[in-house]
Amino acid sequence: MKNSKLSTHPVVGYTTVRNQDLNEHVKNAVIMHHERLDGSGYPYHMSGQRIDVFARYIAIIDAYIAMASPRTYRNALTPLQILGNFEKSLDKYDVELLMPIMKRIADAQIGTNVELNDGSIWEVLIIHPNKYSRPILKNDKNEFVDLLQRPDLEIVKNV
């Protein structure tokens, strides 16, 4: 991705706003929103607290929106699938900012219906406090499944 137009858009955006009367945090967010805490981002591979707090927030929201949007190569991900992706990459994001956002998203899933990879439909009943993406589910027969105990089952879509 280093030389693609996609990876240069933060610099192009910053060039557009750098001389405008905007808060410096906003300008920093424009150029730093693809930087990641572990240094794996772009365009400058910044890490840790060198990345502006506004950019750290925008990085979370931008990643969420990207995962929630359909792409030519995949469908949009469900909120719980997105939380699973964040859980797998906690080192890339500011956890102090990310965790409250993840908790709100997870709590909003309670009562929603999801389809699993086996075709069954379940209601999200309880969110695990240490693994938001693997809730306890209930079906219309009043049966329960704990996705933490069933690694073979995955949420594939909201219904």
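Note that the structure is predicted; figures quoted are calculated from it, not measured. Computed from heavy atoms alone, side chains included, the values below leave out hydrogens, waters and symmetry copies.
- Across every non-hydrogen atom of V124 and P135, the tightest pair is CG1-CB, 3.9 Å.
- The two residues S69 and R74 come nearest to each other via the heavy atoms O-NH1, 2.9 Å.
- Taken together through direct or relayed side-chain contacts under 4.5 Å among Ile, Leu, Val, Met, Phe, Trp and Tyr, V53 and M102 form part of one hydrophobic cluster.
- Using a 4.5 Å cut-off between side-chain heavy atoms of Ile, Leu, Val, Met, Phe, Trp and Tyr, with links allowed through other members, I105 and L148 fall into different hydrophobic clusters.
- Judged purely by atom type and a 3.5 angstrom limit, Q20 uses its side chain to pair as donor or acceptor with the backbone of T16.
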Can you give the donor-acceptor pairs under 3.5 Å from side chains of residues 79-88 to other protein atoms, not counting sequence neighbours?
unit_1, atom_1, unit_2, atom_2, d
Q81, OE1, T78, N, 2.7
Q81, OE1, T78, OG1, 3.3
Q81, NE2, I155, O, 2.9
E87, OE1, S133, OG, 2.4
E87, OE2, Y132, N, 2.7
E87, OE2, S133, N, 3.1

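- For the pair M32 and I51, the tightest heavy-atom approach, listed with the atom from each and the gap, is SD-CA, 3.9 Å.
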Could you walk me through whether L137 and L116 pass the side-chain contact (heavy atoms from CB on, under 4.5 Å) test, one step at a time?
CA-CA 10 Å; L137 308 174; L116 300 182; 3.9 Å; yes
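- The hydrophobic clustering, which links ILVMFWY residues whose side-chain heavy atoms are closer than 4.5 Å, places Y14 and V12 apart.
- Judged purely by atom type and a 3.5 angstrom limit, H45 has no side-chain atom pairing as donor or acceptor with the backbone of Y42.
- A salt bridge between R150 and D146 is absent, with no side-chain N of the basic residue lying under 4.0 Å from a carboxylate O of the acidic one.
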Stepwise, does the side-chain contact (heavy atoms from CB on, under 4.5 Å) test hold for R56 with L37?
CA-CA 8 Å; R56 287 182 265 146; L37 255 57; 3.6 Å; yes
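- The minimum heavy-atom distance between V30 and G13, with the atom names listed, is CG1-C, 3.4 Å.
- Counted by atom type alone, H33 and N28 present zero donor-acceptor pairs between their side chains at under 3.5 Å.
- Take E123 and apply the salt bridge (Lys or Arg N to Asp or Glu O under 4.0 Å) test, not counting sequence neighbours, and it matches no residue.
- A continuous path of hydrophobic side-chain contacts links M99 to I60 [ILVMFWY only; heavy atoms under 4.5 Å].
- Taking all atoms of both residues into account, the shortest heavy-atom contact from N158 to V114 is OD1-CG1, 3.6 Å.
- Using a distance-only test at 3.5 Å, with no hydrogens or angles considered, a donor-acceptor pair links the side chain of E35 to the main chain of M46.
- Clustering ILVMFWY residues whenever any of their side-chain heavy atoms sit less than 4.5 angstrom apart, transitively, puts I61 in the very cluster that holds V26.
- K27 contributes a side-chain N or O that, together with a main-chain N or O of R18, makes up a donor-acceptor pair within less than 3.5 Å.
- Nearest heavy atom pair, residue A76 against residue A68, reads CB-O, 2.9 Å.
- Crowding of D91 atom CG: a count of heavy atoms from other residues, nucleotides or ligands under 6.0 Å exceeding 12.
- No side-chain donor-acceptor contact under 3.5 Å links Q149 and R134.
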Could you check D118 against L153 for side-chain contact (heavy atoms from CB on, under 4.5 Å), going step by step and ending with a plain yes or no?
CA-CA 7 Å; D118 66 358; L153 294 175; 3.7 Å; yes
How far apart are the C-alpha atoms of I136 and V145, what are their side-chain angles, what is the distance that settles it, and do they pass the side-chain contact (heavy atoms from CB on, under 4.5 Å) test?
CA-CA 6 Å; I136 297 172; V145 63; over 6 Å; no
